[in-house]
Amino acid sequence: MWPRPLLSASESRADVLPRWVRSLDDYWSWFAEQLDYSGGRLEGESVQVQVVEDAATGERLALIIGRQRVIFHGGSWLEFRVVVDRSLEQVEYNYHYSSAEGDLIWRMDKHPGHGELSHIHRPGGRPDPYSDVDITDVLSEIVKQLE
């Protein structure tokens with residue numbers, strides 16, 4: 001079991017990355033490390049990432065962590081997709097957490113098309129504004145659900 005995070009999603013730390021995370025490659029490694037510590041099992045063999053580069057310069061502009069799933073003890077699962085720009089900000093994300101039966105527990109999103117860019121969906125309700133989250137916040141919320 002991984003150490004319990006100090007903050008919950010209600011006390012978001014999405015804007016605080018470890019000091020060693022200084023590039024898109026570092027972000028990718030850090031994200032994969034968080035999944036390794038989660039206690040869940042990634043459906044694929046490794047975190048799937050697409051690097052977006054400037055065609056003329058080859059400069060890395062963004063990272064797209066493609067739609068993937070982590071399965072937790074008891075069968076609940078987290079499906080995620082994250083887009084990170086070169087300033088290491090998550091400009092879009094979708095963290096969808098469901099029961100083993102596939103019923104929505106919550107989905108945290110950040111994407112264009114909503115009045116509030118960051119929001120949460122709960123079963124049977126409309127999206128509610130929600131603080132930005134990162135993978136550590138999301139995993140912290142899942143740990144609470146699993147306790």
Legend entry - Contacts of Asp36 that satisfy salt bridge (charged side-chain N to carboxylate O under 4.0 Å, His left out) - sequence neighbours left out: none
Inset, instruction - State plainly whether the residues Asp128 and Arg122 are in salt-bridge range, i.e. N to O under 4.0 Å. - result: no
Inset, instruction - Determine whether Val52 and Val82 fall in the same hydrophobic cluster, where Ile, Leu, Val, Met, Phe, Trp and Tyr are linked whenever their side-chain heavy atoms lie under 4.5 Å apart. - result: no
Inset, instruction - Check the pair Gln145, Tyr97 against side-chain contact (heavy atoms from CB on, under 4.5 Å), reporting the backbone distance first and the verdict last. - result: CA-CA 10 Å; Gln145 296 284 321; Tyr97 185 54; 3.8 Å; yes
Legend entry - Side chains of Arg60 and Asp25 in contact at under 4.5 Å (non-hydrogen atoms): yes
Inset, instruction - Report the C-alpha distance between Ile64 and Val49 in whole Å, list the side-chain angles of each, state the deciding distance to 0.1 Å, and finish with yes or no for side-chain contact (heavy atoms from CB on, under 4.5 Å). - result: CA-CA 6 Å; Ile64 301 171; Val49 176; over 6 Å; no
Legend entry - From CA spacing to verdict: side-chain contact (heavy atoms from CB on, under 4.5 Å), Ile135, Leu78: CA-CA 11 Å; Ile135 190 64; Leu78 171 69; 4.2 Å; yes
Legend entry - Co-membership, hydrophobic cluster, residues Leu139 and Trp30, 4.5 Å side-chain: yes
Legend entry - Residue pair Tyr130 / Ile120: nearest heavy atoms and the distance that separates them: CD1-CG2, 3.6 Å
Inset, instruction - Examine Leu146 and Val138 and state if one hydrophobic cluster contains both, with Ile, Leu, Val, Met, Phe, Trp and Tyr joined whenever side-chain heavy atoms are less than 4.5 Å apart. - result: yes
Legend entry - Nearest-0.5 Å distance that lies between atom OG in Ser29 and atom CD in Gln34: 11.0 Å
Inset, instruction - State which residues pass side-chain contact (heavy atoms from CB on, under 4.5 Å) with Glu92; sequence neighbours excluded, sorted by chain then number. - result: Arg81, Val83, His111, Pro112
Legend entry - Closest non-hydrogen atom pair between Gly58 and Glu53, with its separation: O-CD, 3.8 Å
Legend entry - same_hphob_cluster(Val51, Val91) at 4.5 Å side-chain heavy-atom cutoff: no
Inset, instruction - Taking all non-hydrogen atoms of both residues into account, name the closest pair between Met108 and Val133 and its distance. - result: SD-CG2, 3.8 Å
Inset, instruction - Kindly compute the distance separating CD (Gln90) from CD1 (Ile65), expressed to the nearest 0.5 Å. - result: 7.5 Å
Inset, instruction - Assign the ring pair Tyr95 / Tyr93 to parallel, tilted or perpendicular, where the plane angle (0 to 90°) is split at 30° and 60°. - result: tilted
Legend entry - Which atom of Leu61 lies closest to which atom of Leu24, heavy atoms considered: C-CD1, 4.1 Å
Inset, instruction - Would you name the heavy atoms of Ser98 and Leu104 that are closest together and state the gap between them? - result: OG-CA, 3.9 Å
Legend entry - Heavy-atom check, side chain of Asp103 versus side chain of Pro123, under 4.5 Å: no
Inset, instruction - Using salt bridge (charged side-chain N to carboxylate O under 4.0 Å, His left out) as the criterion, list what pairs up with Arg86, not counting sequence neighbours. - result: Glu59
Inset, instruction - Could you pull out the closest heavy-atom pair between Leu42 and Leu35, with the gap in Å? - result: CD1-CD1, 4.4 Å
Inset, instruction - Measure centre to centre between the rings of Trp28 and Phe31, then say whether the value is under 6.0 Å. - result: no
Legend entry - Sidechain N-carboxylate O distance under 4.0 Å for Lys144, Glu147: no
Legend entry - Asp137 backbone acceptor or donor facing Asp134 side chain under 3.5 Å: yes
Inset, instruction - For Ser87 and Asp85, test the side chains for any donor-to-acceptor distance below 3.5 angstrom and give the result as yes or no. - result: yes
Inset, instruction - Using ring-ring contact (aromatic ring centres under 6.0 Å, His included) as the criterion, list what pairs up with Trp77, not counting sequence neighbours. - result: His96
Inset, instruction - For Glu45, check salt bridge (charged side-chain N to carboxylate O under 4.0 Å, His left out) against everything at least two apart and list the hits. - result: none
Show the atom names and distances, to 0.1 Å, of all donor-acceptor pairs under 3.5 Å that link a side chain in residues 67-74 to residues at least two apart or in another chain.
residue: Arg67; atom: NH1; partner: Asn94; partner atom: OD1; Å: 3.2
residue: Gln68; atom: OE1; partner: Gln48; partner atom: N; Å: 2.8
residue: Gln68; atom: NE2; partner: Gln48; partner atom: O; Å: 3.1
residue: Gln68; atom: NE2; partner: Gly66; partner atom: O; Å: 2.9
residue: Arg69; atom: NE; partner: Glu79; partner atom: OE2; Å: 3.4
residue: Arg69; atom: NH2; partner: Glu79; partner atom: OE2; Å: 3.0

